[in-house]
Amino acid sequence: MKRLFIIAAAIAAAMAVPHRAAGQYRESETVMDRLIWDDEKLNILLDTRFDAQFSTGNADGKELGFRAQTIKVWIAGEIVPGIRYRLRQRLNKPLNALRDNYASGTDHAWIAFDAGKAKQWTITAGKQSVNFGTFEFDYNPADVYLSTMVNDDVDSYKAGVDVAYRIGKQALHLQVVNSDATQFAREDYKNKGLGATLLWEGSLAGGALKTRWAYSAFQHTKSKFYNWITTGVQVNSGDFTAEMDYYFGERNIDYTSLVELDTEILSYVRDQSAALNLKYTLGRWHPSVKGVWNQRRDRDLGRVAYDGWGIQALVEFYPFTTKYLKDLRFHAAWWYSATDFAGPYRHLSNSGGHTALVGMRWLFKAK
């Protein structure tokens with residue numbers, strides 16, 4: 001409880017001084033914001049990615065077929081200068097309500113207010129992305145192919161409040177959200193738990209070096225918190241970009257299907273993931289190479305349960321330059337990922353498999 005008082009006091013202190021938030025104001029260069037921020041009160045966007053995918057190494061052997069990776073509708077706009085909103089709804093996810101009374105398929109439902117003489121403050125309230133660090137986490141999920149273990153399944157969207165303060169090209173965020181995910185909150189505490197994140201979004205050397213560094217703490221019980229450190233560094237040089245991401249933290253998770261146990265068990269684990277993504281822009285062609293590493297240490301067993309790694313090659317092609325089609329792309333990707341069992345599961349055969357896909361990604365304004 002003492003830590004919650006400290007968090008509340010920090011928010012009160014932050015709101016007493018002059019902010020702005022990642023991907024939620026005009027300076028953002030994300031695809032969504034380039035499409036949205038045109039001074040219109042209502043913008044409707046259609047967002048989907050469709051692939052033909054072949055994979056090996058699955059529990060049922062080889063798989064081949066067509067797959068919608070995402071189907072979303074965005075409603076966003078600026079009501080008056082300095083007050084914006086966003087609603088992002090997944091159409092291929094259940095609509096059952098969670099603790100916050102938002103549907104589980106609702107990623108975003110927030111309103112943001114700019115404040116201060118220079119509009120250096122932004123307060124965002126509602127359901128929003130949790131402010132983990134790393135650049136991989138900050139991407140729209142439809143723009144991630146081979147993902148790290150943590151990014152793939154960490155609880156990403158929560159109701160709460162984010163207070164951010166911008167100093168030049170730097171932004172500091174203090175965010176408090178519900179901590180009710182099974183990964184973090186104990187069952188008898190999920191309706192009371194809160195989580196807090198402190199995020200630094202940095203831009204140094206004229207944008208050549210950018211950062212997304214965060215510390216997060218999520219309540220498990222009244223006196224126990226699960227802590228996370230997530231860091232991302234992006235280096236930009238001309239048409240070349242390198243992104244280095246790292247995740248380190250604790251949670252409860254059921255991985256019994258992976259280690260072939262019959263009984264479902266929530267294990268207390270310490271997870272680590274790292275990624276290196278090298279990207280190059282060659283006109284309309286965007287090739288990249290990415291590597292990931294993962295490790296799960298079972299804290300209850302006191303041993304590493306398994307390590308994992310993967311390597312990906314990708315090329316994206318943007319054939320159009322017109323306003324409403326310039327963000328439509330075609331892509332082809334291949335990756336290999338493997339799991340190496342250790343400790344109490346060393347007797348299991350290590351597993352690995354290939355994935356190859358071709359597809360199309362489009363995000364455009366319907367209104």
Side-chain angles (χ1 to χ4, degrees), residues 11 14-47 70 72-91 100-103 105-133 135 137-143 156-178 197-203 210 212 214 323-324 326-327 362-367:
I11 292 178
M15 293 178 69
V17 195
H19 155 111
R20 226 138 157 130
Q24 295 177 5
Y25 34 82
R26 297 202 168 194
E27 287 79 359
S28 173
E29 296 178 355
T30 63
V31 172
M32 293 77 73
D33 293 332
R34 290 205 308 270
L35 291 167
I36 291 171
W37 303 134
D38 56 7
D39 292 321
E40 294 183 12
K41 292 182 175 63
L42 175 64
N43 301 270
I44 301 174
L45 293 87
L46 304 181
D47 180 3
T70 188
K72 302 174 192 170
V73 174
W74 299 62
I75 300 175
E78 189 166 45
I79 304 169
V80 296
I83 301 179
R84 299 172 304 285
Y85 70 94
R86 180 181 296 175
L87 171 66
R88 190 173 89 185
Q89 183 70 40
R90 294 174 185 253
L91 302 182
D100 52 26
N101 268 342
Y102 292 108
T106 303
D107 291 345
H108 292 165
W110 54 253
I111 187 166
F113 304 86
D114 293 337
K117 289 184 178 180
K119 303 296 183 185
Q120 68 270 47
W121 289 88
T122 297
I123 301 170
T124 303
K127 192 167 185 180
Q128 54 199 279
S129 297
V130 179
N131 279 345
F132 284 105
F135 287 89
F137 183 84
D138 196 41
Y139 281 120
N140 187 313
D143 296 324
S156 304
Y157 308 106
K158 286 296 173 189
V161 176
D162 175 65
V163 179
Y165 179 58
R166 178 168 291 275
I167 310 171
K169 296 295 184 179
Q170 319 302 313
L172 295 174
H173 298 257
L174 178 61
Q175 181 188 59
V176 175
V177 296
N178 287 338
T197 69
L198 185 64
L199 169 69
W200 170 44
E201 290 182 292
S203 181
K210 295 186 177 182
R212 282 185 57 85
K323 178 179 178 181
Y324 293 107
K326 62 185 176 65
D327 291 307
W362 50 272
L363 171 66
F364 71 92
K365 284 182 62 175
K367 180 191 180 303

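All values derive from a computational prediction rather than experimental measurement. In this chain, numbering begins with 1 at the start of the sequence shown. Just so it is clear, the values below take in all heavy atoms, side chains as well, and ignore hydrogens, waters and symmetry mates.
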Kindly compute the distance separating [atom1] ([X]) from [atom2] ([Y]), expressed to the nearest 0.5 Å.
{"X": "I75", "Y": "L87", "atom1": "CD1", "atom2": "CG", "answer": "5.0 Å"}
{"X": "R166", "Y": "D114", "atom1": "CZ", "atom2": "CG", "answer": "10.5 Å"}
{"X": "K210", "Y": "E201", "atom1": "NZ", "atom2": "CD", "answer": "9.5 Å"}
{"X": "N140", "Y": "T70", "atom1": "CG", "atom2": "OG1", "answer": "6.5 Å"}

Fill in: Qualifying residues under ring-ring contact (aromatic ring centres under 6.0 Å, His included), relative to Y157, sequence neighbours excluded
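Y157: ring-ring contact (aromatic ring centres under 6.0 Å, His included) contacts with H108.
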Item to complete: Kindly write out the residues that satisfy ring-ring contact (aromatic ring centres under 6.0 Å, His included) with F137, not counting sequence neighbours, or none if the list is empty.
Response: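 In terms of ring-ring contact (aromatic ring centres under 6.0 Å, His included), with neighbours along the sequence ignored, F137 is linked to F132.
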Worksheet entry | Electrostatic pair D47-R88, nearest N-O below 4.0 angstrom |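 Looking at D47 and R88, the cut-off is not met.
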For residues [X] and [Y], determine if any side-chain heavy atom of one lies less than 4.5 Å from a side-chain heavy atom of the other.
{"X": "V73", "Y": "L45", "answer": "no"}
{"X": "I44", "Y": "K365", "answer": "no"}
{"X": "K72", "Y": "P141", "answer": "yes"}

Discussion item. For A214 versus G133, what's the shortest heavy-atom pair and its separation?
Written reply: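 Smallest heavy-atom distance, with atoms named: CB-N, 3.4 Å.
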Practice prompt. Locate the shortest heavy-atom distance separating N43 from G77; write the atom from each residue and the value.
Written response: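 Taking every non-hydrogen atom into account, ND2-CA, 3.6 Å.
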Worksheet item: Between D162, T122, T124, which is the residue that forms a side-chain hydrogen bond (donor to acceptor under 3.5 Å, both in side chains) with H173?
Response: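 Looking at D162, T122, T124, the match for H173 under the side-chain hydrogen bond (donor to acceptor under 3.5 Å, both in side chains) is D162.
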Worksheet entry | Reference residue W74; test side chain to side chain contact (heavy atoms under 4.5 Å, CB included); the match among L363, L46, D107 |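 Among L363, L46, D107, the one meeting side chain to side chain contact (heavy atoms under 4.5 Å, CB included) with W74 is L363.
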Discussion item. Has Q175 got a side-chain atom pairing as donor or acceptor with S129's backbone, closer than 3.5 angstrom?
Written reply: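 Yes.
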Worksheet item: Sub-3.5 Å donor-acceptor pair from the side chain of Q128 to the main-chain atoms of G126, do we have one?
Response: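 At least one qualifying donor-acceptor pair exists.
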Among residues at least two apart in sequence or on other chains, which ones pass side chain to side chain contact (heavy atoms under 4.5 Å, CB included) with [X]?
{"X": "A159", "answer": "D100, Y102, N178"}
{"X": "I79", "answer": "I83, Y85, I111"}
{"X": "L198", "answer": "L174"}

Worksheet item: Of all residues at least two apart in sequence or in a different chain, which pass the salt bridge (Lys or Arg N to Asp or Glu O under 4.0 Å) check with K127?
Response: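 Salt bridge (Lys or Arg N to Asp or Glu O under 4.0 Å) list for K127, sorted by chain: empty.
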